[in-house]
2 protein chains.
Amino acid sequence: MQTSTRDRIVVAAARLLQRQGYVGTGIKQIAQEAQATLGSVYHFFPGGKEAVAVAAIKHGGEDFATLLRKALESEEDPAEAVNACARQLAEELRESGWIDGCPLTAAALETLGTDSEIQQACAEALRSWDQLVSDKLLRCGFRTQSARELATTIISALEGAEVKAQVDRSEEPLQAAGRQLARLVRSYEVGTGVSVDGDDV
Amino acid sequence: MQTSTRDRIVVAAARLLQRQGYVGTGIKQIAQEAQATLGSVYHFFPGGKEAVAVAAIKHGGEDFATLLRKALESEEDPAEAVNACARQLAEELRESGWIDGCPLTAAALETLGTDSEIQQACAEALRSWDQLVSDKLLRCGFRTQSARELATTIISALEGAEVKAQVDRSEEPLQAAGRQLARLVRSYEVGTGVSVDGDDV
DNA sequence: CTCTGGATAGAGCGTTCGTTTTAGTGATTA
DNA sequence: TAATCACTAAAACGAACGCTCTATCCAGAG
């Protein structure tokens, strides 16, 4: 067997959580999709559904981070790098038939009221994505404060644009966000590549 | 009786959908929250759970539009108006204990695969919000194309920032988005208030 | 070989789901 | 008075839920 049963469970759970959310995904469905049995699931995850979800969200969060990292590294210019992120998201979204969006938004929103570990895993993933963008901006000469605020806004906008793209079944929201975010990033730059401060920092 | 049973059902359903999503909200829970009986729910909504959800999402979408309209009208300057939207969302979110976010994101994501009317209602609401922002920008002298692309990005960013704020239990993502979006809007303006075009339009 | 323990397999537990069904209420109309 | 109507009320259906339980498999240690 190529991949371990445990890994297949995590991967299948991540995909299902991404598409159907936490409440909408059943343990039995995860087992079936992973070509595992219910017994195996509870063997590897004695914590039950929530434990599977936490592992799946961590996995999905790292997957998304990898996509983000590659897109950010594909362009030297930070504005173009952000645009590349949007384009990459748009492409994957379209190819999946508009169903594979952010791997954790649905699960995060459903478990907001609760104090489950799922919340913590989602928060951690979001923070790591912010960090990736922020680091890119810092490498491009942005000041710490500007980079952080810009990065969190970029992630927010990509996140929201992806939801809109899914609902609209159209790449347009992501394309628009990519262009506008690039413009926003450029508003911090001067021709020399040396950063300047915004007037609202 | 002050409010009609039907209205109470819609309002209760809207609140529950906002907090728990579509799958996470039961018909019986809606009935209980609305102080109605199951029979009443099926009397007013023969279409069952989905019909209730559609009505609730339309209601929530209009509520959100009202909030947006008021915030946009509270400031003449478009950049400040967008910032006001973010501040208003942050305030309501904090006051609700970080649980009353966007009224339809959760439900929209959960029903993505399906072809239910819920999708359509969500798409319509999102479009109407875009329109509100776009109209404000047009009134401030923006060109049609710029206004549309900027508006959809603003809604995307606010949407995403609200999700991040909920997960982080912090106003910061919304505040950052408000400031950065204001900066983006200002990048289109010259001192006279007459619009100029972006170089990427 | 036997023994052991991780891994697999699936029946079945109690509960809740969305929905249907039937009965009953009270005000309006003929 | 009798009939009709919108509405309320609650019992009960089959299906699916998360989870527990017991039984089985099988590679490696003694």
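Since the model is a prediction, treat every value here as computed from it, not as a measurement. Quick note on labels: first sequence line is chain A, next is B, and so on, each numbered from 1. Only heavy atoms go into these numbers, but all of them, side chains included; no hydrogens, no water, no symmetry mates.
If B:Gly39 and A:Glu50 are placed on DNA chain D by their nearest nucleotide, the residue sitting closer to the 5' end is B:Gly39. For the pair A:His43 and B:Gly47, nearest-nucleotide mapping onto DNA chain C gives the more 5' position to A:His43.
Between B:Gln20 atom CD and C:dC17 atom P there is a gap of 10 Å when expressed in whole angstrom units. Spacing between atom CD1 of B:Ile27 and atom P of D:dC13 amounts to 20 Å, rounded to whole angstrom units. As rounded to whole Å, 8 Å separates atom P of C:dG18 from atom CD1 of B:Ile30. The interatomic distance linking B:Lys49 (NZ) with C:dC17 (P) rounds to 9 Å, in whole Å. Spacing between atom NZ of A:Lys28 and atom P of D:dA15 amounts to 13 Å, rounded to whole angstrom units. Rounding to whole angstrom units, CD of residue A:Gln29 and C1' of D:dA15 are separated by 15 Å. Whole-Å rounding puts the A:Gln35 CD to C:dT8 C1' distance at 14 Å. B:Ile118 has its CD1 atom 13 Å from the C1' atom of C:dG18, to the nearest Å.
In summary, B:Arg179 and A:Glu149 engage in a salt bridge, as defined by a charged side-chain N under 4.0 Å from a carboxylate O. B:Arg15 has a carboxylate O that lies under 4.0 Å from a charged side-chain N of B:Glu33, or vice versa, which qualifies the two as a salt bridge.
In this structure, B:Ser40 reaches the D:dT8 phosphate: one of its side-chain N or O atoms is under 4.0 Å from OP1 or OP2. Regarding contacts with the backbone of D:dT8, a side-chain N or O of B:Thr5 is found under 4.0 angstrom from either OP1 or OP2.
Where the helix from C:dC1-D:dG30 to C:dA30-D:dT1 starts and where it ends, the local axes point in directions that differ by 20°; five pairs per end, rounded to 10°.
A donor-acceptor contact shorter than 3.5 Å is absent between the side chain of B:Ser134 and the backbone of B:Asp130.
The side chain of A:Thr37 approaches C:dG10 more closely than any other nucleotide in the set D:dC19, C:dT20, C:dG10.
Residue contacts shown for B:Phe44 are limited to sugar-phosphate atoms, with no base heavy atom under 4.0 Å away. In this structure, A:Leu38 reaches the bases: a heavy-atom distance under 4.0 Å links it to at least one base atom across the strands shown. Among the heavy atoms of the strands lying under 4.0 Å from B:Gly48 are primed sugar atoms or P, OP1, OP2 only; no base atom is included.
A cation-pi arrangement is found for B:Arg183 relative to A:Tyr188, the charged atom lying closer than 6.0 Å to the ring centre and inside a 45° cone about the ring normal.
Between B:Phe142 and B:Lys136, every side-chain heavy-atom pair lies at or beyond the 4.5 Å cut-off.
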Donor-acceptor contacts under 3.5 Å from residues 40-53 of chain B side chains, at least two apart:
| unit_1 | atom_1 | unit_2 | atom_2 | d |
| --- | --- | --- | --- | --- |
| B:Ser40 | OG | B:Thr37 | OG1 | 3.1 |
| B:Lys49 | NZ | B:Tyr22 | O | 2.9 |
| B:Lys49 | NZ | B:Thr25 | O | 3.0 |
| B:Glu50 | OE2 | B:Glu117 | N | 3.2 |

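Here B:Asp135 pairs with B:Gln131 under the side-chain hydrogen bond (donor to acceptor under 3.5 Å, both in side chains) rule; sequence neighbours left out.
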